[in-house]
Every structure is written in structure tokens, then in C-alpha cells.
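To start, the structure itself, in C-alpha cells.
Remember, predicted model here, so these are calculated numbers, not experimental data.
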Amino acid sequence: MKMSISTIGWAIAGLLLVTSCKTDRKGEADATHLLEAVSLSCEYLGEQEGTPRYAVYALLDESKVKLAELPACDTILSMDYRDKGIPADALGAVGGWWAGRGDYIYTDLKDGLLTFYIGSVDETSDSPIPTYMPLAVYEDRKFQLMRPIHPADLAGYYWHQSQDTSYVLFIGLKGSDLVNKVFATAEPMPPQKVLQRALPEFAATPDVPMTCDLNSLSFESGLGYGSIFWRPDTAAVTFQSFMGVEREVVFEFIAF
């Protein structure tokens, strides 16, 4: 049977398309297999003022990068992931408990992006599950560490509105130390654009010291304790205990 030139051309094009699809799928599978080969390791650095120090490294594709330092570090078994808030499909996790506090790091692969997360919890927390935040990503065959949070990044005004008493929380720096204070009003909260001018009319607490773990963003202050959610374009402060009362109070960042 004779085939026309056009028929042969279409046959060749179809063959090339099938071959191309197979090649693409193989390339994607190879890339996924490479990322799944990631591992986390702990290396003991010694002690500092009686506290152990471990460096946590990520190893992948002949690359080794230091992710963080923890006071306790060991491999976490997959059977223990759930208790520590680690996804069941995580590719690896390390961490440990020291002096009433647990620090953990894990990595997982979602939509082709390998991401590393860090979280902490202590014995005073209402929940035994840590709150995790991104620590690093592996992209374009290299590690990209997230910029560490600086105390100045947390500074600003945050508000909480309710039917009875509304509050404005101020977080600032006094030297290199964080401080906070709260303004309260029983009147309706004015619009954000004029809120700063209205604050002198609010009842206010004095400045009180505030300590914040810049890894987990858990904090304690004279106003209470809780955790902070922070991203470059937004932030929120959640108190688990506020003004001497065990209750959740969420303050949202005000972008003046």
C-alpha cells in the first residue's frame, strides 16, 4: 500500500509528539525523584551557656545548606509526625525537646516545590501542636533561605474590634528590645486612616517588655502570650491569654 507524502508527514509528526510527551514525563519524573532524595541532618556544635546547640542541614543533589540551630535535634519517625503537626507525606523531619520547649523542622514537596518549615511549642502552650512557617525552598537547583525575621519587622499598630471594648496594640522597639502597649475604647473604632490621631483619647497601658522567638514567632509580654503570623505584606497577633484572661484575641495589622 502506498502512502502519500502528507500521510507520511502526519505520521512522523505524531511519532515526534508521542516521543516528546514521553521525554517530558520522564524529565518530570526524574526531577521529582531528585527532590524526593532530600534529607535533613543534625550536627552537634557544642554548648553555649549550658544549652546544647545543633546545626540542622538540608542535603540534596550534592548541596548542603545550614537551615537553623536548635537546642535538641534528632530524626523524627513518620509514626510521630501526627503528634507534632507534621504532614503524613513529609519527606523528612528532625527536632527535639529541651528545657520545656520543642523545636521541629520538616520538608515536603507540593506542586514541584520543595519547602522547609520550622515550628516550636512549649509546655505552656494551649495546643501541643507547633505552628509552622516557611524556612527555605529549593528552586532552580539551589536553596533559597527565607530572610530571617528581625524584631523591627514586627513593629507597628494592630487592631481588634468587638461589640463592647475595642483595642489597638502597639509593638515597638526600645533600643534592641521589643515593647508593647494597648489602647482601649468602648466607642466605635474610627477608620484606620484617622486612627492614629484618635489614639490619645483612648485608655492606654504603659509600655511593657515583650519577648518573641523569631523562629516560631511565639511571644510573651506583660499583656499576655500567644503567637504572631507574619508575611511581608500582612501580619496578625493572636493572644491565647490577654490582659490576665485565658481567651483568644486576634489583632490584625493596620497599614496606615
Given the rule that I, L, V, M, F, W and Y join up when any side-chain heavy atoms are under 4.5 Å apart, are Tyr106 and Tyr138 in one cluster? no

Do Val65 and Val94 share a hydrophobic cluster (ILVMFWY, side-chain heavy atoms under 4.5 Å, transitive)? yes

Tyr132-Phe116 co-clustered via ILVMFWY side chain contacts under 4.5 Å: no

First locate atom OG of Ser162, then atom CE of Met189, and finally report the distance between them rounded to the nearest 0.5 Å. 8.0 Å

Could you note down all residue pairs passing salt bridge (charged side-chain N to carboxylate O under 4.0 Å, His left out) where residues 155-166 supplies at least one of them, sequence neighbours left out? none

Given Trp230 and Met133, is the side-chain contact (heavy atoms from CB on, under 4.5 Å) satisfied, shown in steps? CA-CA 9 Å; Trp230 186 90; Met133 62 181 294; 5.6 Å; no

side-chain contact (heavy atoms from CB on, under 4.5 Å) evaluation trace for Leu35 with Leu60: CA-CA 7 Å; Leu35 295 178; Leu60 178 64; 4.1 Å; yes

So, for Leu91 and Glu36, which heavy atoms are closest and what is the spacing to 0.1 Å? CD1-CA, 4.0 Å

Are Leu217 and Ser227 packed together at the side-chain level, in the sense that at least one heavy-atom pair is separated by less than 4.5 angstrom? no

Fit a plane to each ring of Phe170 and Tyr157, take the angle between them on a 0 to 90° scale, and name the class: parallel (under 30°), tilted (30 to 60°) or perpendicular (over 60°). tilted

So does Glu252 have more than 12 non-hydrogen atoms from other groups sitting under 6.0 Å from CD? no

Please determine whether side-chain contact (heavy atoms from CB on, under 4.5 Å) holds for the pair Ile171 and Leu178, giving the CA-CA distance in whole Å, both sets of side-chain angles, and the decisive distance to 0.1 Å. CA-CA 7 Å; Ile171 298 178; Leu178 284 171; 3.9 Å; yes

Ser221 and Asn180: which non-hydrogen atoms are nearest, and at how many Å? OG-ND2, 3.2 Å

Taking the side chain as C-beta and beyond, is there a heavy-atom pair between Arg247 and Val249 under 4.5 Å? yes

Of all heavy-atom pairs between Ala58 and Phe143, which one has the smallest distance, and what is that distance? CB-CE2, 3.7 Å

Can you find a heavy atom in the side chain of Gln240 that is under 4.5 Å from one in the side chain of Thr238? yes

Can you list the residues that meet the side chain to side chain donor-acceptor pair (under 3.5 Å) rule with Glu62, with sequence neighbours excluded? none

Partners meeting side chain to side chain donor-acceptor pair (under 3.5 Å) with Arg141 (sequence neighbours left out): Asp61

Drop me the distance from Ile105's CD1 to Tyr117's OH, to the nearest 0.5 angstrom. 13.5 Å

Listed pairs under 3.5 Å, donor-acceptor, residues 76-89 side chains, sequence neighbours left out:
from	atom 1	to	atom 2	distance (Å)
Asp89	OD2	Lys110	NZ	3.2

Group every Ile, Leu, Val, Met, Phe, Trp and Tyr by side-chain heavy-atom contacts under 4.5 Å, then state whether Leu169 and Val250 land in the same group. no

More than 12 heavy atoms from other groups under 6.0 Å of CD on Glu47: yes

Measure the spacing between NZ of Lys193 and CD1 of Ile254 and express it to the nearest 0.5 Å. 14.5 Å

For Leu195 and Pro190, work out which heavy atoms get closest and say how close. CD1-CG, 3.5 Å

Would you please test Leu40 and Leu67 for side-chain contact (heavy atoms from CB on, under 4.5 Å) and show each step? CA-CA 9 Å; Leu40 296 169; Leu67 298 176; 3.8 Å; yes

In a table with atom names and distances, give each donor-acceptor pair under 3.5 Å that connects a side chain of residues 197-214 to protein atoms at least two apart or in another chain.
from	atom 1	to	atom 2	distance (Å)
Thr205	OG1	Val182	N	3.1
Asp213	OD1	Arg101	NH2	3.4
Asp213	OD1	Asn215	N	2.7
Asp213	OD1	Ser216	N	2.9
Asp213	OD2	Arg101	NH1	3.4
Asp213	OD2	Arg101	NH2	2.3

Does Lys142 have more than 12 heavy atoms from other residues, nucleotides or ligands lying within 6.0 Å of its NZ? no

Between Ile118 and Asp103, is there a side-chain heavy-atom distance shorter than 4.5 Å? no

What pair of heavy atoms forms the shortest contact from Ala72 to Trp98, and how long is it? CB-CB, 4.0 Å

What pair of heavy atoms forms the shortest contact from Pro130 to Gly119, and how long is it? CB-C, 3.9 Å

So, Thr107 side chain and Thr115 main chain: donor-acceptor pair closer than 3.5 Å or not? yes

For residues Phe229 and Thr131, determine if any side-chain heavy atom of one lies less than 4.5 Å from a side-chain heavy atom of the other. no

Within 6.0 angstrom of Glu69 CD, more than 12 heavy atoms from elsewhere: yes

Measure the spacing between CG of Leu145 and CG of Leu135 and express it to the nearest 0.5 Å. 6.5 Å

Student check: side-chain heavy atoms of Tyr104 and Trp97 closer than 4.5 Å: yes

With a 4.5 Å limit on heavy-atom distance, are the side chains of Ser218 and Tyr225 in contact? no

Looking at residues at least two apart in the chain, or sitting in another chain, which of them share a ring pair (Phe, Tyr, Trp, His ring centres under 6.0 Å) with Phe239? Phe219, Phe242, Phe251

In terms of hydrophobic clustering (I, L, V, M, F, W, Y; side-chain heavy atoms under 4.5 Å; direct or indirect links), are Leu223 and Leu173 co-clustered? yes

